[in-house]
Amino acid sequence: MHIQRIRFDKVFDVQGRSFSFTSDGKHRYGVELPGRVVPHEGATYAVALARPDDWSRVLGWRELGTRQVFVPRHTWLVRSVYVEVAWWLLCGLMIATAKMLSPWMLLLLPCAIVAVVWQTWRRNRALRQALLAQP
């Protein structure tokens, strides 16, 4: 994770969710921030990127001067829906494969789901803290 401070000196070529911008004399084209957000000119954001200067995968962002942090696709509502769907799929899978697998092997599936949810929660928490720590 790389946190980059960006001042949007000029925002142009806005088309739906994508836009282009100029910051510190560098041009970026076809950028999309999750949440259908297009920053206004003069705004300063703290943006968490997967790799430095790789705008294809934005992990989260915060407009500096506000306390609101945006982390895409991993809100509690979406996560709870994923957990519920995974639970029902797991139940169906356990019933369908009960004759083929031992009961001890079936215990690994819920543990794997819990591990994925826990890891996502920890990553999002660290991301929020890192973005809030930006002045």
Side-chain angles (χ1 to χ4, degrees):
M1 174 175 63
H2 175 75
I3 297 181
Q4 194 167 346
R5 186 181 181 130
I6 299 292
R7 176 170 164 74
F8 294 96
D9 297 326
K10 183 178 179 186
V11 177
F12 57 96
D13 196 23
V14 177
Q15 296 177 359
R17 294 177 10 169
S18 70
F19 62 95
S20 302
F21 70 91
T22 303
S23 178
D24 293 332
K26 295 181 183 178
H27 301 288
R28 301 277 184 231
Y29 300 99
V31 173
E32 290 185 20
L33 285 179
R36 299 180 185 223
V37 173
V38 176
H40 59 281
E41 288 187 8
T44 304
Y45 281 32
V47 182
L49 304 171
R51 291 183 302 261
D53 291 328
D54 181 10
W55 285 84
S56 64
R57 185 151 181 244
V58 178
L59 302 176
W61 55 268
R62 175 175 78 94
E63 184 173 2
L64 298 179
T66 67
R67 299 288 298 163
Q68 185 178 3
V69 175
F70 185 80
V71 178
R73 295 179 297 232
H74 298 295
T75 62
W76 281 106
L77 178 62
V78 172
R79 191 178 311 149
S80 67
V81 169
Y82 284 143
V83 169
E84 185 176 353
V85 168
W87 174 254
W88 286 111
L89 288 173
L90 177 65
C91 289
L93 181 67
M94 286 173 34
I95 291 170
T97 60
K99 293 181 181 179
M100 296 183 331
L101 297 175
S102 72
W104 293 109
M105 291 296 288
L106 292 176
L107 288 177
L108 293 177
L109 295 174
C111 292
I113 291 172
V114 168
V116 167
V117 169
W118 178 256
Q119 181 181 6
T120 302
W121 179 79
R122 288 186 60 198
R123 185 195 69 149
N124 288 345
R125 184 173 174 212
L127 179 61
R128 285 183 192 281
Q129 289 174 346
L131 287 172
L132 284 173
Q134 297 298 311

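What you are looking at is a predicted structure, and each value in this text was computed from that prediction instead of being measured.
By the side-chain contact (heavy atoms from CB on, under 4.5 Å) test, Q15 pairs with D13, S18, sequence neighbours left out. Not counting sequence neighbours, the partners of R7 by the side-chain hydrogen bond (donor to acceptor under 3.5 Å, both in side chains) test are D9. By the ring-ring contact (aromatic ring centres under 6.0 Å, His included) test, F19 pairs with no residue at all, sequence neighbours left out.
Remark: Y45 OH to W61 CH2 distance equals 4.5 Å, nearest 0.5 Å. Atoms CG and CD, from L131 and Q68 in turn, are 12.0 Å apart once rounded to the nearest 0.5 Å. Atoms CD and CD, on Q129 and Q134 in that order, are 13.0 Å from each other to the nearest 0.5 Å. Here the straight-line distance linking atom NZ of K10 with atom CD of E41 works out to 7.5 Å at 0.5 Å rounding. A distance of 10.5 Å separates CG of D54 from CD of Q4, quoted to the nearest 0.5 Å.
Shortest non-hydrogen contact noted between L64 and A46 is CD2-CB, 3.8 Å. A pairwise comparison of heavy atoms in L127 and L59 identifies CD2-O, 3.3 Å as the closest pair.
Applying the salt bridge (charged side-chain N to carboxylate O under 4.0 Å, His left out) test to every pair with at least one member in residues 58-71, sequence neighbours left out, gives no pairs at all. Applying the salt bridge (charged side-chain N to carboxylate O under 4.0 Å, His left out) test to every pair with at least one member in residues 18-28, sequence neighbours left out, gives these pairs: R28-D53. Among pairs with a residue in residues 110-122, none fulfils salt bridge (charged side-chain N to carboxylate O under 4.0 Å, His left out), at least two apart in sequence or across chains.
Residues W55 and I6 form a side-chain contact, since some pair of their non-hydrogen atoms from C-beta on lies under 4.5 Å apart. A 4.5 Å side-chain heavy-atom check between V38 and V11 finds at least one atom pair inside the cut-off. Between S56 and E32 there is no side-chain heavy-atom pair separated by less than 4.5 Å.
One hydrophobic cluster, built from ILVMFWY side chains closer than 4.5 Å, cannot hold both V14 and Y29; they sit in different ones.
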**Prompt:** Does the side-chain contact (heavy atoms from CB on, under 4.5 Å) test come out yes or no for R57 and L49, once each step is laid out?
**Reply:** CA-CA 6 Å; R57 185 151 181 244; L49 304 171; over 6 Å; no
**Derivation of the ring-ring contact (aromatic ring centres under 6.0 Å, His included) call for F21 and F12** = CA-CA 6 Å; F21 70 91; F12 57 96; 8.4 Å; no
